[in-house]
Amino acid sequence: MINIINLNKKFGDLHVLKDINQTIQEGEVVVVIGPSGSGKSTFLRCLNLLEEPTSGEIILEGVSITDKNNDVNRQREKMGMVFQQFNLFPHKTVLENITLAPIQVKGLTKEEADRKAMSLLKRIGLEEKANTYPNQLSGGQKQRIAIIRALAMEPDVMLFDEPTSALDPEMVGEVLEVMKELARDGMTMVVVTHEMGFAKEVGSRVIFMDEGRIMEEGSPKDLFENPRNPRTQDFLRKILV
Amino acid sequence: MGIFDLEFIAQYYKYFLRGTGVTLSVSFFGVVFGTMVGVVLSLMKLSNNKIAKGLSTAYIEVVRGTPLLVQLFIVYYGFPMFLPFNMSRIALGTVAVLLNSAAYVAEIIRAGILSIDRGQMEAARSLGMTHGMAMRFIIIPQAFKNILPALGNEFIVLIKESAIISVIGIHDIMYNADTLRGITYRPFIPLFYAAIIYFIITFTLSKLLGIFERRLRAGDQYN
C-alpha cells in the first residue's frame, strides 16, 4: 500500500533520515519506536509530505506522491494524520472541525457531512459536544475528536504522531481505546508512540529507529522479547523498567 | 479673551469643521485602501515566490525608511508626470498616505498571520486542503482577531500623521488653523483648537477601540 524507497531527509547539515526502505501493507498496524531525535516523527511527517524528503520516493497505492507532477492534496486526502498537540481549529465548533474538510475538499453537502460527523461522534460517545468549542474539552476528548476529524475524510491510512504524549496520564486510555478499535476494524495505521502496551496488543509490526535509520523490525513479540540489536536492547531496557 | 476665546470659535468654527472633515476622510480612505494594499503586500512577503517576496520586502523597507514628507512630495510632484489623467490635490494626498500606511499595515498583518501556530496549517493540509483553503478557513480568521487592535491603532496614528498633507495645500485641520493664524494675526488660539480637535478624535477612537476589543474578547467562545 505504501512503498518507501531510499528516503532521505536533511535539515541543513543534519541528516535526519538515512536511506529508509519500507513497505507497509494494507491493514497493517506499524508501530514506530525509538529515542527522541531518532527521526521517527520526521519519518511519519515525510509520508504525507508535511516534511519534504530530500531524496527518495514514496508511493501510495501505486501513485508516487514525491513526484511533483502529482497533486499532493489528492494524496493527502487518503492519509489521515493525528498530531501530538491535537491541532483542532479553535475558532470552529467540534462539528465544524469535523465537517470543514469533507465539505470544502470532498464537496459533500453540509447535511451529508453533518450526518457523518454525528455518527462518528456517537462512536466515541461525544455527540453532545458537537456544538462546543475545542477549548471546553479535555485533552483526551480533543484527541479523540482529532482522530474522527481525520476519519471523516475516509482515509486509507492513518498516521499518528505521538498521539498520547501531550495527555494527562488518566486520559491516555480513552485515546488508545479509539485507536485499538480502529486497528481491529482493519485500518492501516502507522503509529509513532511510546505506548508499548498498545504496540503489543494491536501492532502487527514494530520498527525501532535510531540515528535516522531503521535498526530493527519485527513482530511485537519478537522485538520486545528477543531484541537482537544492542541499541534496541538498550532502549527497551530504559523504557520497560 | 483667554485661551478658550469663545468669540473666536463662534466666528471661525466652520474652518475647523471643514478641516476635520478633510482630515477624517483622508485618514479613513488612507487606512481602508492602505489595508487592501497591505494585505496584498503581506501575502507577497509570506509567499514562496522570490520575486513577489523581494518586491514586497523592498517596498516595505523603503517606505518605512523614508520620511512621509518626502513620500508626499514624491507623490505630489511625481505622479502627475506619469499619469494620463489629472488628480486633485486631495486625491494625491490620500494616495501618499495610503501608500505609506500600506507598508505598516503589511507588517501588522504578516505578524498576525505568523502568530498562528504552524500546527494549524499542518492540520489543515493533512486533511487535504490546499494552501489557499487553509489560509482562508483556518489561518486568516484566527489572525484577524490579533490584527484588529493594531489596525485600529494604525488608523489613529494616521489621523495625526495626516497633518503633514497641509504642506501641499490640502485644507485639513492643520492647514485651516494656519490660515486662521494669518487672518487673525493670532498664532496661539487656532493652533490650540486644532490640537484639541486632534486630541478629541484620537482619544474617542482609542476608547471606542478599547470597547470593541473587549466585546470581541467577551464574545469569544474560544481562548
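Residue numbering restarts at 1 for every chain, and letters A, B, ... go by the order of the sequence lines. Please read all numbers here as calculations on a predicted model, not as lab measurements.
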> Any chance CZ of B/F203 has more than 12 other-residue heavy atoms, nucleotides or ligands included, within less than 6.0 Å?
Replying inline: no
> Any side-chain donor-acceptor pair under 3.5 Å between A/N3 and A/T23?
Replying inline: yes
>> Less than 4.5 Å to any heavy atom of chain B: does that hold for the side chain of A/M79, its backbone, both, or neither?
In response: backbone
> If you look at every heavy atom in B/S126 and A/N48, which pair is closest and at what distance?
Replying inline: CB-ND2, 3.9 Å
> Measuring heavy-atom distances to chain B, does A/E51 have an atom under 4.5 Å in its side chain, in its backbone, in both, or in neither?
Replying inline: side chain
>> Less than 4.5 Å to any heavy atom of chain B: does that hold for the side chain of A/F89, its backbone, both, or neither?
In response: both
>> Less than 4.5 Å to any heavy atom of chain A: does that hold for the side chain of B/M133, its backbone, both, or neither?
In response: side chain
> Is it the side chain or the backbone of A/L49 that comes within 4.5 Å of chain B heavy atoms, both, or neither?
Replying inline: neither
> Any idea which of A/M81, A/K106, A/R149 has the most non-hydrogen atom pairs under 4.5 angstrom with chain B?
Replying inline: A/R149
> Is there a donor-acceptor pair under 3.5 Å between the side chain of A/D67 and the backbone N or O of A/N69?
Replying inline: yes
> Which bit of B/R118 comes within less than 4.5 Å of chain A, counting heavy atoms only: side chain, backbone, both or neither?
Replying inline: side chain
> Any chance the side chains of A/Q22 and A/R205 put a donor and an acceptor closer than 3.5 Å?
Replying inline: yes
> Of the backbone (N, CA, C, O) and the side chain (C-beta and beyond), which part of A/Q104 lies under 4.5 Å from a heavy atom of chain B, both, or neither?
Replying inline: both
> Taking the six-membered ring for Trp, are B/F16 and B/Y193 parallel (under 30°), tilted (30 to 60°) or perpendicular (over 60°)?
Replying inline: tilted
